[in-house]
> 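To start, I am sharing the structure in question, which I have written as structure tokens.
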Amino acid sequence: MFRNVKPRMSKLSITTFVLVMLFSGLIIAQWSCGGAGKGDKSDTAAVDSLKGKAPGGIVPIISGNVPTEVIIPNPSSDPVNNRPAFDVFSWQTFIALCWPVDTANRGVPLNPNNPATLINATNTTPIVWTSYKDQWDLFGQGNNTPSAWNSWTDPVNLCPNQPVNHVFGSAKSDMLPGEGNESLSVPLIDQRKNYVLYEIRYNEVQYNFIVNNGLYLSKNLYNYQKAHGGAVTMPISDPKNQGSILIKAAWKHLTPQDDQSRYYVINEVVYDPVTKTCTREMMGLVGLHIAQKVDQFGEWVWSSFEQVDNVPGAPNAKAPYTFNNGTNTPSTTNHGFANKPAGKVLIPDSASRVPVQVVRLNEIPTTPSIGNTVQVNQIFQAALSGTWLKYYELVITQWPSNSGQFKQFTQNGIYPADCGGAFPVNNCVNTTMETYFQNMNDAAGAGGNSCMSCHYQAPNTDFSWSVQLRSH
């Protein structure tokens, strides 16, 4: 039985989105407490381009408010039929997190009820999720108390005399700063022979929960778990309040060969783990994982996005690709990659590096026949046609289809049944962050090839490897 659904549709709050099962057309709207906000503006060109063509009548809402519920108008016992609702939720979250930020307040969107704020923004405008606290802010401060949420100064600063917002690692799973491995494996080298760099971010709810409970220190983590039945439970959303959000991002060095207009771009001083220096870098976003602890989905909802030019296949992809040379050589058969680096050691001389050849081994879902992930991508990209977001695509959403069924991995829980009935079960990967685990056999021993199967093995810290591994 599919338990975790909310079929009510009578009220729209500041944090909800709509998936309307009508076939009459597409409306871009913005809602605030049940009504349109002041200064609301529709992208009429995008609306006109989709009238009468939107599969399932999916209605994207252009809003800077992060949704806190997954609304499923017609719940099904078959999770695949509920996929459109979760994919719309993923896109709605992506839009809100990529909304221009109020630069005086971390994590606060600027004019969230006015779509023109996003539509008129450039691809270098500071956005909400990049203002979240990063892993260095939280776990890189030794025994010092991490700084307050809205502070831009840490007790321990990798770059003296200059606050740095991006402390990159070369590993998705190890960024203090990172060692030379990508997601329990080895580095990823793009076609320009540059290493992909990674970062982890925490929203205010999760950051303050960890700081206020002292969970950045292992002794406090132990005591907290002892007092709470052996486990940490991160704050979950309710219909009106945001829950914990974890962001994992992958970035590439932009070169003159890249079309910078197709990326979200930063051009600022960053900590580079390859050179171990603080230097000004121009970087383009190539991958984004979003994990959100959502009302009635205690095992989190996991969303993964990529830039469309990463590998061949996206309808609006453009060569040259970031991780593919545009040919079938070398062969990537059965793995999704070739030229995998032999080890974890980073090679300082870029000329000596060999680009990794990557393809998408697991296709972006084409089920159900109406409202599948491919179609949802097309709808949202069209609605965002005047923005840089149109060059990004959702590659997978994973969620617990029966969140009430949970047994700790450390108490002999078995995936996926005891992990809330994870759906899809496997093959939920991002080519920039799980490059070498696209095949189930390649992922054996590394927690499987999905977000939920991997993070289920950190159950005593509520699916958080960073809390489990980085507390000190």
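When a residue number appears, it is its place in the shown sequence, counting from 1.
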> Which atom names give the shortest non-hydrogen contact between Asp442 and Asn334, and what distance separates them?
OD2-O, 4.4 Å

> With sequence neighbours excluded, what pairs up with Thr255 under the side-chain contact (heavy atoms from CB on, under 4.5 Å) test?
Arg192, Asn194, Gln257, Asp258

> Taking all non-hydrogen atoms of both residues, which atom of Lys193 and which atom of Pro355 are closest, and how far apart?
CG-CG, 3.9 Å

> Closest heavy-atom contact between Ser244 and Val205?
N-CG1, 4.1 Å

> Which value, rounded to the nearest 0.5 Å, describes the distance between Asn427 atom CG and Glu363 atom CD?
10.5 Å

> Checking Ser237 now: which residues fulfil side-chain contact (heavy atoms from CB on, under 4.5 Å) with it, not counting sequence neighbours?
Thr68, Val294, Asp295

> Parallel, tilted or perpendicular: which one describes the rings of Trp129 and Trp251, with boundaries at 30° and 60°?
tilted

> Kindly state each residue pair satisfying salt bridge (charged side-chain N to carboxylate O under 4.0 Å, His left out) with at least one member in residues 117-129, sequence neighbours excluded.
none

> Does the pair Asn65 and Trp99 meet the rule for a side-chain hydrogen bond (donor to acceptor under 3.5 Å, both in side chains), with working shown?
CA-CA 9 Å; Asn65 300 301; Trp99 199 270; over 6 Å; no

> Suppose the criterion is side-chain hydrogen bond (donor to acceptor under 3.5 Å, both in side chains): which pairs have a residue in residues 146-168, not counting sequence neighbours?
Lys133-Ser147, Ser147-Asp154, Asn165-Arg201, His166-Glu199, His166-Arg201

> Determine whether more than 12 heavy atoms belonging to other residues, nucleotides or ligands lie under 6.0 Å from atom CG of Asn328.
no

> Excluding sequence neighbours, so at least two apart, what forms side chain to side chain donor-acceptor pair (under 3.5 Å) with Thr145?
none

> Please confirm whether Phe305 and Phe94 have ring centers closer than 6.0 angstrom.
yes

> Any chance the SGs on Cys428 and Cys451 are under 2.5 Å from each other?
no

> Go through the structure and list residues passing ring pair (Phe, Tyr, Trp, His ring centres under 6.0 Å) with Tyr264, not counting sequence neighbours.
Trp388

> Take Thr279 and Asp272, measure what side-chain hydrogen bond (donor to acceptor under 3.5 Å, both in side chains) needs, and give me the verdict at the end.
CA-CA 7 Å; Thr279 57; Asp272 187 328; 5.1 Å; no

> Hey, would you say the His455 and Trp302 ring centroids sit under 6.0 Å apart?
yes

> Which residues pass the salt bridge (charged side-chain N to carboxylate O under 4.0 Å, His left out) test with Lys276, not counting sequence neighbours?
none

> Can you list every pair that meets side-chain hydrogen bond (donor to acceptor under 3.5 Å, both in side chains) and has a residue in residues 207-228, with sequence neighbours left out?
none

> Is the ring centre of Phe168 less than 6.0 Å from the ring centre of Tyr195?
no

> Output all residues satisfying side-chain contact (heavy atoms from CB on, under 4.5 Å) with Phe409, sequence neighbours left out; order by chain, then residue number.
Tyr456, Gln457, Pro459

> Decide yes or no on side-chain hydrogen bond (donor to acceptor under 3.5 Å, both in side chains) for Tyr202 and Ser464, but give the supporting numbers first.
CA-CA 11 Å; Tyr202 308 82; Ser464 176; 5.7 Å; no

> Any chance you could lay out the side-chain hydrogen bond (donor to acceptor under 3.5 Å, both in side chains) test for Asp190 and Thr322, step after step, and finish with the verdict?
CA-CA 6 Å; Asp190 69 20; Thr322 299; over 6 Å; no

> Specify the closest pair of heavy atoms between Gln438 and Leu361, including all atoms of both residues, with the distance to one decimal.
OE1-N, 2.8 Å

> Please identify each residue that fulfils side-chain contact (heavy atoms from CB on, under 4.5 Å) with Val308, with sequence neighbours left out.
Arg262, Ala314, Asn316, Gln381, Tyr391, Glu393

> Determine whether Leu285 and Gln307 satisfy the following criterion, side chain to side chain contact (heavy atoms under 4.5 Å, CB included), listing intermediate values before the conclusion.
CA-CA 7 Å; Leu285 182 67; Gln307 203 274 344; over 6 Å; no

> Run the ring pair (Phe, Tyr, Trp, His ring centres under 6.0 Å) test on Phe89 and Phe297 for me, step by step, so that the C-alpha distance in whole Å, both residues' side-chain angles and the decisive distance to 0.1 Å come before the verdict.
CA-CA 13 Å; Phe89 174 87; Phe297 297 94; 8.2 Å; no

> Please collect all ring pair (Phe, Tyr, Trp, His ring centres under 6.0 Å) contacts where either partner lies in residues 314-338, sequence neighbours excluded, each pair once.
His335-Phe337, Phe337-Tyr436

> Could you pull out all residues at least two apart from Thr233 that satisfy side chain to side chain donor-acceptor pair (under 3.5 Å)?
none

